[in-house]
Amino acid sequence: MRIGLIAMSGVRVRTKELAELGVTLPGFVNRGRVIASLPSLGLLTVAALTPPEVEVVYREIQDVRPEDALELFDLVAISSFTAQIDEAYALADRYRAAGVPVVLGGLHVTLMPDEAAAHADSIVVNGAEGAWPRLVEDFRKGCLKPRYEGLRAGVFRAPDYVVPRFDLLRGRPYNRITVQTSRGCPLHCEFCAASLRITSSFQQKPVELALEEIRVARGVTEHPFFELADDNTFLNKTWGKEFLRGLAPMGLSWFTETDISVADDDELLRLLAASGCRQILVGLESPTADGLAGIDPGDWKRRRCDQYLRAIEKIQSHGVTVNGCFILGLDSQTPEVFPQVRDFIQKSGLIEAQVTVLTPFPGTPLYARLAREGRLLQSRFWDRCTLFDVNFRPKNMSVEELESGMRWLFREVYNDAEYARRQRHYMELVKAGAGREDPRCGSRL
Amino acid sequence: MKPNWNGANIESELRGILAECCRRDLSQVGDDADLVRELGLDSLAMLRLLAEVEMRLEVRFPDSELTRLRTLRQFAAAIRSGGGDLLPGDSSGPSTALPEGRTP
């Protein structure tokens with residue numbers, strides 16, 4: 001038996017003007033390219049959950065050209081994010097028309113199962129752990145069920161835990177490899193459409209398993225840069241320190257996402273730098289405390305806001321850069337937010353900044369609330385869930401003000417002079433850190 | 001006294017710095033090799049390399065050139081055209097781009 005695993009990947013902007021503007025924005029475009037070129041960790045996990053006697057073939061959507069004949073399999077599994085789900089459905093329909101049974105899975109499918117089921121012989125909701133082996137077994141017996149539910153807890157425990165099949169990436173031009181050390185995040189931000197939607201609670205991979213995965217993954221490509229596919233890696237500082245101590249001897253360079261509380265712990269920051277962490281992406285969301293009201297149920301980010309500047313400076317002084325993320329269009333923001341974000345980015349010395357528009361992904365509490373309040377511009381807009389297209393009526397500004405303010409801010413933040421200024425700042429941070437005890441902070445690339 | 005890099009074999013110096021920072025065999029990497037493509041250096045790694053070169057050779061690349069520099073020969077040309085001199089206002093201390101306002 002031969003199973004085709006097809007990953008939908010890529011980041012796009014639908015609005016023509018933004019796309020044209022984006023072409024000239026180095027930081028914006030670079031990050032988009034990075035995201036677009038990441039392998040699908042979910043499908044590599046599906047491959048590992050497949051019985052060894054079954055052949056699995058990993059493909060990316062770029063490999064499946066519409067003008068070519070379909071590569072046929074006994075079964076096809078497709079995973080996609082929301083923005084490309086319509087293309088995934090079209091591909092699924094094409095395979096089914098050719099007589100190949102299709103399974104759909106991933107975050108969007110979990111959040112919109114009934115919609116996805118119309119394009120598939122079977123769907124997998126939540127993670128693949130606990131579902132995929134049963135699905136393959138049923139398929140072999142000719143009794144594939146229309147829906148399988150994966151685990152929402154205990155995903156990193158035997159017998160359901162597996163090391164993803166990183167070997168399937170061998171020979172492909174990846175220079176970044178993703179490894180997951182946790183699923184979920186207890187902050188439960190209203191807008192978040194990440195892994196917290198497929199978990200019942202925060203799941204942390206045991207340190208030894210996480211390190212072993214990295215050892216396996218580093219063997220498939222030369223000098224890879226690692227990206228941890230986590231929502232919030234360093235919630236547990238004790239776990240984090242043990243993980244970083246294990247990681248440091250491997251001599252890697254890597255990136256992850258976490259929250260601003262890493263700045264509270266000097267030892268953690270030293271270990272981050274010593275382990276080769278080059279950048280952490282932090283969801284700052286808004287530059288003022290007022291703008292953060294109600295983002296997370298516990299108001300954690302609002303309470304942290306007055307420490308943002310100091311925390312960024314402290315983290316970056318250890319040689320770990322911060323990619324600060326801001327969301328435009330939050331309910332408490334007015335048009336004043338655009339210059340506020342620009343001023344904050346300049347004042348903070350952030351090496352990189354990621355500015356996006358509030359996006360009501362289907363299945364999130366934000367989508368439900370905006371739908372309830374009659375503020376969605378359309379009920380179905382999945383191909384516009386790009387993080388750069390406005391799909392709702394903001395509370396304290398018009399749609400046009402949000403769109404034009406975002407374009408103005410892009411020009412202010414991503415122009416060549418600002419980019420050069422941030423680059424120079426980073427180089428000076430490297431120089432300032434070069435005399436530290438750990439030489440990795442300075443010279444190692 | 002500042003070093004004068006005019007006429008010196010800067011490429012050789014740069015190769016030594018690169019080899020030390022990369023910790024790998026660079027025998028197959030020519031002076032015109034694109035370091036991003038050939039060595040897989042990401043944008044931050046390129047900036048760390050430039051910072052290291054600035055420190056060791058006591059030079060400063062123009063900020064507007066930082067993105068353009070991708071090969072050892074381009075590094076060397078930029079140093080030669082700058083005469084190896086430090087630019088006005090340069091120092092070995094923290095960047096002037098550090099945030100002006102600090103929270104308590």
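Protein chains get the first letters and strands the later ones, always in sequence-line order, with residue 1 at the start of each.
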task = Decide if atom CZ of B/Arg37 counts as having more than 12 heavy atoms of other residues, nucleotides or ligands within a radius under 6.0 Å.
result =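 Counting neighbours around CZ of B/Arg37, 12 or fewer heavy atoms of other residues, nucleotides or ligands fall under 6.0 Å, so no.
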message = If I compare all heavy atoms of B/Leu66 with all of A/Ala420, which pair ends up nearest, and what's the gap?
response =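 Taking B/Leu66 first and A/Ala420 second, the nearest heavy atoms are CD1-O, 4.4 Å.
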ask   = How far apart are the closest heavy atoms of A/Tyr426 and B/Arg48, and which atoms are they?
value = OH-NH1, 2.7 Å
task = To the nearest 0.5 angstrom, please state how far the CE atom of A/Met427 sits from the CG atom of B/Leu49.
result =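 Interatomic distance, A/Met427 CE to B/Leu49 CG, rounded to 0.5 Å: 9.0 Å.
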query = Are any non-hydrogen side-chain atoms of A/Ile351 and B/Leu47 less than 4.5 angstrom apart?
reply = no
query = Hey, are the side chains of A/Gln423 and B/Leu50 touching, using non-hydrogen atoms and a 4.5 Å cut-off?
reply =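 Contact flag for A/Gln423/B/Leu50 side chains = no.
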remark   = Ordered numerically, the heavy-atom neighbours of chain A under 4.5 Å found in residues 69-77 of chain B are none
query = By a 4.5 Å heavy-atom criterion (distance strictly below it), what part of A/Ile312 contacts chain B: side chain, backbone, both, or neither?
reply = neither
